[in-house]
Amino acid sequence: MLQVPYIRENKELIIERLKVRNIDATETINKIIEADKNRRETQQKLDEVLASSNAKAKEIGMLFKEGKGAEANALKQETSQLKEESKSLQEAFNTYAEELKQLLYLVPNVPHESVPEGKSDEDNVEIFAEGEFPKLHEGALPHWELTSKYDLIDFELGVKITGAGFPVYTGKGARIQRALVNFFLDNSTAMGYREVQPPLLINEASGFGTGQLPDKEGQMYHATTDDLYLIPTAEVPVTNIYRNTIVKTEDLPIKNTAYSQCFRREAGSYGSDVRGLNRLHQFDKVEVVQITHPSESMNALDEMVEYVKTLLQKLELPYRIVRLCGGDLGFTSVLTYDFEVYSAAQDKWLEVSSISNFETFQANRLKCRYKDENGKPQLVHTLNGSALAFPRILAALLENNQTPEGIKIPKELAKYTGFDIIK
RNA sequence: GGAGAGUUGGCUGAGUGGCUUAAAGCGGCACCCUGCUAAGGUGUUUUACUCGUAAGGGUAACGAGAGUUCGAAUCUCUCACUCUCCGCCA
């Protein structure tokens, strides 16, 4: 969420920039400024009343000590009015503070100046592309047929055990999954990320910290008996490591990586793009998360983009990078780059990574700070990126590398699978 | 799941109604002293909000919330969490 002093001082700029998201925040921003003003004025009054009430209480204590019980009791009378006053001021203050908080939850992050205008993913801007499109042989198949032809994934079995979107990986399919875990983690740790294995269930406070709650509640699986949520991404537990902390400035940037399974209800998704591995309720992903000094976050974003490029190069997959337009940009993000791989048999671009800079938006909720050169606590910047999401990578690997003899495994990955062709 | 004990500042740990934002020790930082891989001395050491150009001031916070009281770390209630033992178990 945005910081109130920032809103106060940059009202026009914020409203202008939020138009890139196709929203008019004028009314909400005005309400925020009003609620903030009321809150501060009420606090001043409240503080005054409490101060005089404190002073009186001290005086009463002194009088009792000196044995002047009568005077003390007289003074007690006076305090009752102050008490009433402070009570109603406290209530008013709480109301304004709550109102302010609720309003702040409504405002998304302010897009970076480089974010293009646009309504949907069709308006995202391609900024980079690399890799050759494969030439498929006659009779090439989409991955959901390849997986059954070579006994790699059993979608039907998943439906039996759980439901649609929970595939069962078998044999070499399961082995590739395991290979991808190690391949991705080895690469990210080599880039200086610390490996973390986080919980897959999170509490409500963690959901708030990274911005999944209160809004996107319906997208997470909720274990109601214990009021815990299954993580939609490792970003949530890994970033929440730093909730309510003041990190050492010399430790920045803090770089963590985690492999986890991710759970998404995908409520409201439909259509042909949910076929096979294209959209699942449970999937695997390696995530990279950075906590940086504010002056370094854009460099860190570039570094993450460069890093993900190397992964796709090693996997020999044709890919492109798009800059998300305002309409497609996530609520908490300032700037996001998506990586899409080309999956040949479907003739489709599949999103396999999303790399975002949240600047102070998450940090403000998380209360994650560092100390500046004056020793004053300041909010850090947080970033994260997928490196990478497995299912669509697998889909593209299978589709692009199919030959009449079998499916070939790229050299770098074959080091991890232990085989270089699936027959 | 059953029984019991706890939750205080970066850490250890005192504090059972006012002079306690909090003793003491450790750690950290600054300065001083000292002719040397050390020791000693003095001071300092939380955060949020808020007023102020600043210096500085006000308010709040001792797990969370509510209550009693002129006044709560301290008393009452509710909740959360941690630990120990027993049971169960990967």
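Small disclaimer: the values here were computed from a predicted structure and weren't measured.
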Closest to side chain of A:Arg8, choosing from B:U50, B:U59, B:U47: B:U50
Can you identify which nucleotide, out of B:U46, B:A60, B:U50, has its nearest atom closest to the A:Asn54 side chain? B:A60
Name the pairing partner of B:G40, where a pair is Watson-Crick or G-U wobble with both distances under 3.5 Å, or state none. B:C32
To the nearest angstrom, the CD-P distance between A:Glu59 and B:U69 comes to 21 Å
Closest approach to the side chain of A:Arg40, judged atom by atom: which nucleotide of B:C51, B:U46, B:U59 is it? B:C51
Which nucleotide in the set B:A60, B:C70, B:U47 lies at the smallest distance from any side-chain heavy atom of A:Ile60? B:C70
What interatomic distance, in whole Å, is found between C1' of B:U21 and the corresponding atom of B:U59? 13 Å
Taking the C1' atom of each, how far is B:G57 from B:G43, in whole Å? 23 Å
For B:U7 versus B:A64, give the span between their P atoms, rounded off to a whole number of Å. 13 Å
Note: A:Pro253 and A:Gln290 closest approach over all heavy atoms is CB-OE1, 3.8 Å
Between B:G52 and B:A14, how far apart are the two C1' atoms, rounded to whole Å? 38 Å
Just name whichever nucleotide pairs with B:G1, Watson-Crick or G-U, keeping both distances under 3.5 Å, else none. B:C86
Take A:Lys309 and A:Glu306, measure what salt bridge (charged side-chain N to carboxylate O under 4.0 Å, His left out) needs, and give me the verdict at the end. CA-CA 5 Å; A:Lys309 278 186 189 176; A:Glu306 289 306 313; 3.1 Å; yes
Result for side chain to side chain contact (heavy atoms under 4.5 Å, CB included) between A:Gln402 and one of A:Ile422, A:Leu397, A:Leu141 points to A:Leu141
Whole angstrom value for the distance that separates P of B:G58 from CZ of A:Phe93: 18 Å
When both hydrogen-bonding distances must be under 3.5 Å and the geometry is Watson-Crick or G-U wobble, what is B:G27 paired with, if anything? B:U45
Only pairs with both distances under 3.5 Å count, Watson-Crick or wobble alike; so what is the partner of B:A66 in this structure? B:U76
Do A:Gln44 and B:C51 share a donor-acceptor pair, side chain to base, under 3.5 Å? no
d(CD, A:Gln90; C1', B:A66) in whole Å: 13 Å
Expressed as a whole number of Å, how far does the C1' atom of B:U42 sit from that of B:C49? 34 Å
Less than 4.0 angstrom from a charged side-chain N to a carboxylate O is my criterion; do A:Lys101 and A:Glu98 meet it? yes
Kindly say if A:Arg39 contacts the phosphate of B:U50, meaning a side-chain N or O under 4.0 Å from OP1 or OP2. yes
I want to verify a distance call: between B:U59, B:A48, B:G71, whose nearest atom is closest to the A:Lys83 side chain? B:G71
Which residue, A:Gln43 or A:Lys76, contacts RNA chain B at a nucleotide closer to its 5' end, judged by nearest heavy atom? A:Gln43
Determine the Euclidean distance between corresponding P atoms of B:G87 and B:G28; express it in Å to zero decimal places. 45 Å
Lys/Arg N to Asp/Glu carboxylate O, A:Glu250 vs A:Lys248, below 4.0 Å: no
What integer number of Å spans the P atoms of B:G41 and B:G25? 11 Å
Specify the separation, in whole Å, of atom CG of A:Asn94 and atom C1' of B:A60. 12 Å
Considering every strand and a 4.0 Å limit on heavy-atom distances, what is the contact class for A:Lys371: base, sugar-phosphate, or nothing? sugar-phosphate
Salt bridge check, A:Glu84 against A:Lys87: does any charged N sit closer than 4.0 Å to a carboxylate O? no
Counterpart base for B:G71, defined by Watson-Crick or G-U wobble contacts under 3.5 Å: none
Whole Å only: how far is the CG atom of A:Asp47 from the C1' atom of B:G56? 16 Å
Any strand: nucleotide that pairs with B:A55 via Watson-Crick or wobble, under 3.5 Å: none
Starting from C1' on B:G17, measure out to CE on A:Met62 and report it in whole angstrom. 17 Å
C1' atoms of B:U12 and B:A22, separation to the nearest Å: 16 Å
Just the rounded figure in Å: distance from C1' of B:C51 to CD of A:Glu48. 10 Å
OP1 or OP2 of B:C49 under 4.0 Å from side-chain N/O of A:Lys101: no
Which of B:C70, B:C51, B:U59 is nearest the side chain of A:Thr79? It is B:C70
Check ion pair A:Lys411-A:Asp420 (N to O, under 4.0 angstrom): no
Which nucleotide wins on minimum distance to the side chain of A:Ala57, given the candidates B:U47, B:G18, B:A60? B:G18
When the nearest nucleotide of RNA chain B is assigned to A:Asp36 and to A:Ser52 on a heavy-atom basis, which residue is associated with the more 5' position? A:Asp36
Protein-nucleotide distance (A:Leu50, atom CG; B:C51, atom C1'), rounded to Å: 15 Å
Going by an N to O cut-off under 4.0 Å, is there a salt bridge joining A:Arg275 and A:Glu145? no
